[in-house]
**Q** 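Supplied in structure tokens, the structure appears directly below.
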There are 2 protein chains.
Amino acid sequence: MLIGEYFHNLDTKGRVSIPSKFRDDLGGTFVLSKGVNDCLCAYSKEEWESFKEELLQLRGADARMLRRFFFSGATECEIDTQGRVVIPPLYREYAGLGREVVIVGVSNCMEIWDKAAWNKYMNNPALESAEIENAMERLGL
Amino acid sequence: MLIGEYFHNLDTKGRVSIPSKFRDDLGGTFVLSKGVNDCLCAYSKEEWESFKEELLQLRGADARMLRRFFFSGATECEIDTQGRVVIPPLYREYAGLGREVVIVGVSNCMEIWDKAAWNKYMNNPALESAEIENAMERLGL
DNA sequence: AAGGCTATGCTTATCGGTGAATATTTTCAT
DNA sequence: ATGAAAATATTCACCGATAAGCATAGCCTT
């Protein structure tokens, strides 16, 4: 299961180490796609297939838009022998990645954020501790 | 059932022994997450799985944020052959753990507190027995 | 063909995680 | 109370993950 928050650095060639705990779940090659909220989203091949199926079952104008967004915005990546992947320039740019990035596990996918963008996102008032406690109560934790 | 209060020490590598009475309930691997009052909160796999299912079924704009919050804020831990777990640096820092920690059972989860923080919390006026009595009355206990 | 660019791989240093060994304390049964 | 066994604390040595810099090979351009 992909969970946790890891702070890594891009090297000068735009490569980043994948947290070792994520490598088994992602597999040697995975699908990198543009995510919602200016982040990148990496799916194992299996997870990508099921995401794809969901997308293909949708109907209507919105569905066409989403398919264009996600299918055109995805690429296959390979983890090298040292556990790194190259983040293609287009994707670095899309997510505004600087040198410092945050890699987070969100259960079925792994997201890559620029560190500053992630911190900003997580400071959202909807994540105040009162709200969190409400959510936990609703969800039975 | 997880109940009781135990005083343990982190070793120099940031590991702590899990009270032997908790090991059966937690299982060999459990999920450690950031708790609400500067403490860490450990759930058995079963507890966490059911929480995860609830979380994945949420829909709407906040759902994505809550998933990111809860999944990124948790990590899987494994109890070693000597009954210890590593508390990752990020988590030690979050809960302000020094060498002396307190491990408390709260029925469905196990919490880890810095000893000083725990003592301070337990000296809270809201925990005077008169206040406890009032709270119980309000809740019809 | 020469120079430079890019992608990829290799090397080293550092740090944190892991496992073993041993010491100390606590618990429990006798 | 006493001894045995279990639990916890402490230390050391080793292994693996990550960061950073350098080296090499292939390719493009001129």
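Just so it is clear: chains get the letters A, B, ... in the order the sequence lines come, proteins before strands, and each one is counted from 1.
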**Q** For the pair Arg92(B) (side chain) and Ile87(B) (backbone), establish whether a donor and an acceptor sit closer than 3.5 Å, ignoring hydrogens and angles.
**A**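 The answer is yes, because a donor-acceptor pair under 3.5 Å joins these two groups.
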
**Q** Answer yes or no: is there a side-chain heavy-atom contact under 4.5 Å between Phe71(A) and Lys52(A)?
**A**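 Yes, close enough: below the 4.5 Å cut-off.
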
**Q** Side chains of Ser20(B) and Arg23(B): closer than 4.5 Å at any heavy-atom pair?
**A**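 The answer is yes; the side chains approach within 4.5 Å.
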
**Q** Between Thr81(B) and Arg92(B), who's closer to the 5' end of DNA chain C by nearest nucleotide?
**A**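 By nearest-heavy-atom nucleotide position, the 5'-most residue is Arg92(B).
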
**Q** Side chains of Leu40(A) and Leu97(A), heavy atoms from C-beta outward: is any pair under 4.5 Å?
**A**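 Touching, per the 4.5 Å side-chain cut-off.
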
**Q** Under 3.5 Å, which protein N or O atoms sit close to an N or O of nucleotides 4-8 of chain D? Give each pair with its distance.
**A**
unit_1: dT8(D); atom_1: OP2; unit_2: Ile18(B); atom_2: O; d: 3.4
unit_1: dT8(D); atom_1: OP2; unit_2: Ser20(B); atom_2: N; d: 3.2
unit_1: dT8(D); atom_1: OP2; unit_2: Arg23(B); atom_2: NH2; d: 2.8

**Q** Could you tell me how the ring of Trp48(A) sits relative to the ring of Phe51(A): parallel (under 30°), tilted (30 to 60°) or perpendicular (over 60°)?
**A**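 Rings of Trp48(A) and Phe51(A): tilted, 30 to 60°.
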
**Q** Side-chain contact, heavy-atom cut-off 4.5 Å: Trp118(A) with Ser72(B)?
**A**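 Yes - at least one pair of side-chain heavy atoms lies under 4.5 Å apart.
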
**Q** Taking only nitrogen or oxygen atoms into account, show me every contact under 3.5 Å that the protein makes with nucleotides 11-14 of chain D, one pair per line with its distance.
**A**
unit_1: dT11(D); atom_1: O4; unit_2: Arg15(B); atom_2: NH2; d: 3.4

**Q** Going by the angle between their ring planes, with limits at 30° and 60°, are Phe22(A) and Tyr6(A) parallel, tilted or perpendicular?
**A**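 It falls in the perpendicular class, over 60°.
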
**Q** Measure the distance from CD1 on Ile79(A) to P on dT8(C) and round it to the nearest whole Å.
**A**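 So the CD1-P distance, Ile79(A) to dT8(C), works out to 14 Å.
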
**Q** Enumerate the residues from residues 97-111 of chain B whose closest heavy atom to DNA chain D is under 4.0 Å, giving them by residue number; use none for an empty result.
**A**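 Those residues whose heavy atoms fall under 4.0 Å from DNA chain D, taken from residues 97-111 of chain B in numerical order, are Arg99(B).
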
**Q** Check nucleotides 23-27 of chain C for protein N or O atoms closer than 3.5 Å to its own N or O atoms and list the pairs.
**A**
none

**Q** Do Tyr43(B) and Leu141(A) come within less than 4.5 Å of each other through their side chains, counting heavy atoms only?
**A**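 When only atoms from C-beta onward are counted, Leu141(A) and Tyr43(B) do touch, with a gap below 4.5 Å.
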
**Q** Please list, one pair per line, the donor and acceptor atoms closer than 3.5 Å that link side chains of residues 124-136 of chain A to other protein atoms, with sequence neighbours excluded.
**A**
unit_1: Asn124(A); atom_1: OD1; unit_2: Ala126(A); atom_2: N; d: 2.7

**Q** Would you say the side-chain atoms of Arg84(A) pair up with the backbone N or O of Thr81(A), donor to acceptor, closer than 3.5 Å?
**A**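 No; zero donor-acceptor contacts below 3.5 Å.
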
**Q** Side chain of His8(B), backbone of Val16(B): donor and acceptor closer than 3.5 Å?
**A**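 Looks like no, no N/O pair under 3.5 Å.
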
**Q** Passes side chain to side chain contact (heavy atoms under 4.5 Å, CB included), Tyr121(B) versus Asp38(B)? Steps please.
**A** CA-CA 10 Å; Tyr121(B) 182 78; Asp38(B) 289 338; over 6 Å; no

**Q** Counting only pairs under 3.5 Å, give me each side-chain donor-acceptor contact of residues 25-34 of chain A, with atom names and distances, residues two or more places apart or in other chains.
**A**
unit_1: Asp25(A); atom_1: OD2; unit_2: Met1(A); atom_2: N; d: 3.0
unit_1: Thr29(A); atom_1: OG1; unit_2: Lys45(A); atom_2: NZ; d: 3.3

